[in-house]
Protein chains: 2
Amino acid sequence: MRRAEGAVEPAEQGTAPRVGPCGVLCEDCRVRTISVCRALAGPALDELEAITLRIRLPAGRNLFDEGDPAESLFTLTEGMIKVFKMLPDGRRQITGFLLPGDFLGLAFFRSYAYSAEAVTDALLCRFPRDRFMALLERHPALEKELLSRASSELAAAQEQMLLLGRKSARERVASFLLGLARRQGAGSTKPVALPMSRWDIADYLGLTVETVSREIQAAKASGVIAMPDRHHFLVVDPRRLAAAAALG
Amino acid sequence: MRRAEGAVEPAEQGTAPRVGPCGVLCEDCRVRTISVCRALAGPALDELEAITLRIRLPAGRNLFDEGDPAESLFTLTEGMIKVFKMLPDGRRQITGFLLPGDFLGLAFFRSYAYSAEAVTDALLCRFPRDRFMALLERHPALEKELLSRASSELAAAQEQMLLLGRKSARERVASFLLGLARRQGAGSTKPVALPMSRWDIADYLGLTVETVSREIQAAKASGVIAMPDRHHFLVVDPRRLAAAAALG
DNA sequence: CCGAGCTCTTGATCTGGGTCAATGCCGAGG
DNA sequence: CCTCGGCATTGACCCAGATCAAGAGCTCGG
């Protein structure tokens with residue numbers, strides 16, 4: 001997590017599609033770039049593609065730390081990234097788990113206001129900040145897209161504040177599971193991926209690992225969810241799960 | 001708070017500067033409109049002024065409720081507004097206190113994702129949604145300003161998540177007082193206004209009134225702050241207050 | 001000037017979730 | 001195959017802050 005520990009070489013960058021594993025990944029990434037900016041018309045998209053660098057980030061590697069100069073913006077195309085803030089004494093709050101299509105580094109600031117680290121192996125598109133900003137000037141549609149994303153993020157952040165400030169441990173875990181299922185478009189038939197550790201879940205929900213574990217076990221025991229393995233679950237009883245989440 | 005209780009007449013609107021108390025208020029509001037959009041050049045500002053309606057909102061009156069159709073955007077020019085979300089059973093989380101110059105209703109959604117209510121008597125500028133959006137199209141500078149504000153709000157929201165998820169009661173109250181002092185540019189010499197009730201503070205910090213009261217008394221007793229009266233305080237010992245806030 | 005109804009403070013007690021401490025369960029490496 | 005080390009679960013106990021219960025100030029209408 002800390003950049004200090006272990007020689008963390010910079011994330012590998014592929015500048016152009018090539019043969020071999022990295023090449024394949026880059027091709028895949030190119031196809032998905034469009035998810036960043038569905039609102040964009042052809043020429044703007046081409047320009048965006050032109051300044052895109054592809055990045056592969058192995059699980060556990062950090063993308064940037066809070067306070068680093070904000071030289072790039074990113075979109076996630078594959079895998080999962082967690083975004084978090086820390087207190088000096090090590091307490092951590094994860095403010096979000098990003099899924100493919102999500103934007104990262106949306107900041108008008110000189111330095112990042114939070115840290116980002118890969119939960120699973122991840123693929124990203126990286127946009128150099130100055131070039132991206134220049135592109136913004138020429139393409140209002142892109143700016144509009146960003147504003148719309150910022151609004152959604154803000155709404156999600158407010159929902160999370162409600163969770164952290166006012167919900168019980170049971171409600172938090174239920175809300176979390178429900179939210180994951182919705183975002184992944186999975187649920188009662190298709191299993192929902194739960195790739196992050198119990199520690200990460202705890203730091204996202206403002207709880208301890210033990211409490212998270214207990215609540216997940218309780219949900220399983222009461223038949224609200226089923227777990228084929230520790231990192232996947234099925235929503236057996238959506239009604240009761242929603243009720244437990246105290247949806248506002 | 002609930003629109004149901006008591007016949008809440010719609011907020012009074014002055015469409016043009018006039019003589020009398022409302023007129024004076026509107027004049028004042030006009031002068032301050034510029035705070036919304038310092039980035040704007042002359043013509044854009046004129047256009048913005050042209051679609052502006054002035055609103056006076058007495059303390060305790062609600063501006064809109066979560067779920068209401070989002071027909072307007074606002075800027076606060078005078079007073080204080082609180083923004084909050086509620087759970088069906090009445091639990092409440094205040095997600096922000098707005099000060100003059102702050103923007104409200106920044107949403108790309110059909111309906112408001114939260115409720116807003118005046119803490120003190122307030123003056124606002126109201127912009128009809130469709131007209132404002134049309135203006136956005138023509139003036140990228142305005143859009144840029146909004147994006148920048150959204151970024152700041154997002155950063156503030158993440159900071160608040162850290163507070164709600166990981167800080168102790170003492171740290172929450174200290175962070176809150178410090179944040180207020182900074183935003184108001186007041187502190188050890190000029191008293192900081194604390195216009196909201198202890199209930200509001202509790203609902204902002206994810207605590208109970210009793211805990212908030214106890215922590216404020218403790219801060220007073222330890223000589224970190226002084227309180228000329230219940231709704232103003234002085235930062236006597238900024239060093240210790242910052243330490244108590246566990247700044248990250 | 002009074003008093004009703006608030007908000008705020010303070011004290012006493014209770015409890016949800018944190019802390020501490022094993023124990024179980026993998027997956028990776030030998 | 002075993003064994004090691006990191007997650008995850010489970011149990012026992014504890015404590016920060018919630019809850020319950022009085023008082024103590026304000027404030028505003030009359």
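Below, chains carry the letters A, B, ... as their sequence lines are ordered, and counting in each starts from 1.
Atom CG in B:D229 sits roughly 14 Å away from atom C1' in C:dT7 (whole-Å rounding). Between A:Q217 atom CD and C:dG24 atom P the separation is 15 Å, expressed in whole Å. Per the geometry, CG belonging to B:L207 stands 10 Å off C1' belonging to D:dA18, to the nearest Å. Protein atom CD of B:E210 is 12 Å distant from nucleotide atom C1' of D:dA22, rounded to whole Å. Atom CZ in A:R172 sits about 11 Å away from atom C1' in C:dG16, given to the nearest Å. For the pair B:E171 CD and D:dA16 C1', the interatomic distance rounds to 12 Å; values are reported in whole Å. In this structure, B:R166 atom CZ and D:dA16 atom P are separated by 16 Å, rounded to whole Å. Straight-line distance from the CD1 atom of A:I216 to the P atom of D:dT9: 6 Å, rounded to whole Å.
Within the 4.0 Å cut-off from OP1 or OP2 of C:dG17, not a single side-chain nitrogen or oxygen of A:T211 is found. Using a 4.0 Å cut-off, some side-chain N or O of A:H231 falls inside it from OP1 or OP2 of D:dA8. Residue A:R214 has no polar side-chain atom (N or O) positioned under 4.0 Å from OP1 or OP2 of D:dT10.
Counting only distance, with no hydrogens or angles, the side chain of B:Q160 and the backbone of B:Y204 share a donor-acceptor pair below 3.5 Å. Under the 3.5 Å distance criterion, the side-chain polar atoms of A:R92 are left unmatched by any main-chain donor or acceptor of A:D203. No donor-acceptor distance shorter than 3.5 angstrom exists from the side chain of A:E171 to the backbone of A:L163, with no hydrogens or angles considered. Looking only at distances, no side-chain donor or acceptor of B:S72 sits under 3.5 Å from a matching main-chain atom of B:R126.
Here the nucleotide nearest the side chain of A:T208, chosen from C:dT9, D:dA8, C:dG18, is C:dG18. Distances were taken from every side-chain heavy atom of A:S197 (C-beta onward) to each of C:dG17, D:dC7, C:dC8; the shortest belongs to D:dC7. For A:R198, the side-chain atoms get nearest to D:dA8 when compared with the rest of C:dC8, D:dA18, D:dA8.
Judged by closest nucleotide on DNA chain D, A:K220 is the one of A:K220 and B:E215 placed further toward the 5' end.
Residues B:K85 and B:S115 have side chains that never bring a donor and an acceptor to within less than 3.5 angstrom of each other.
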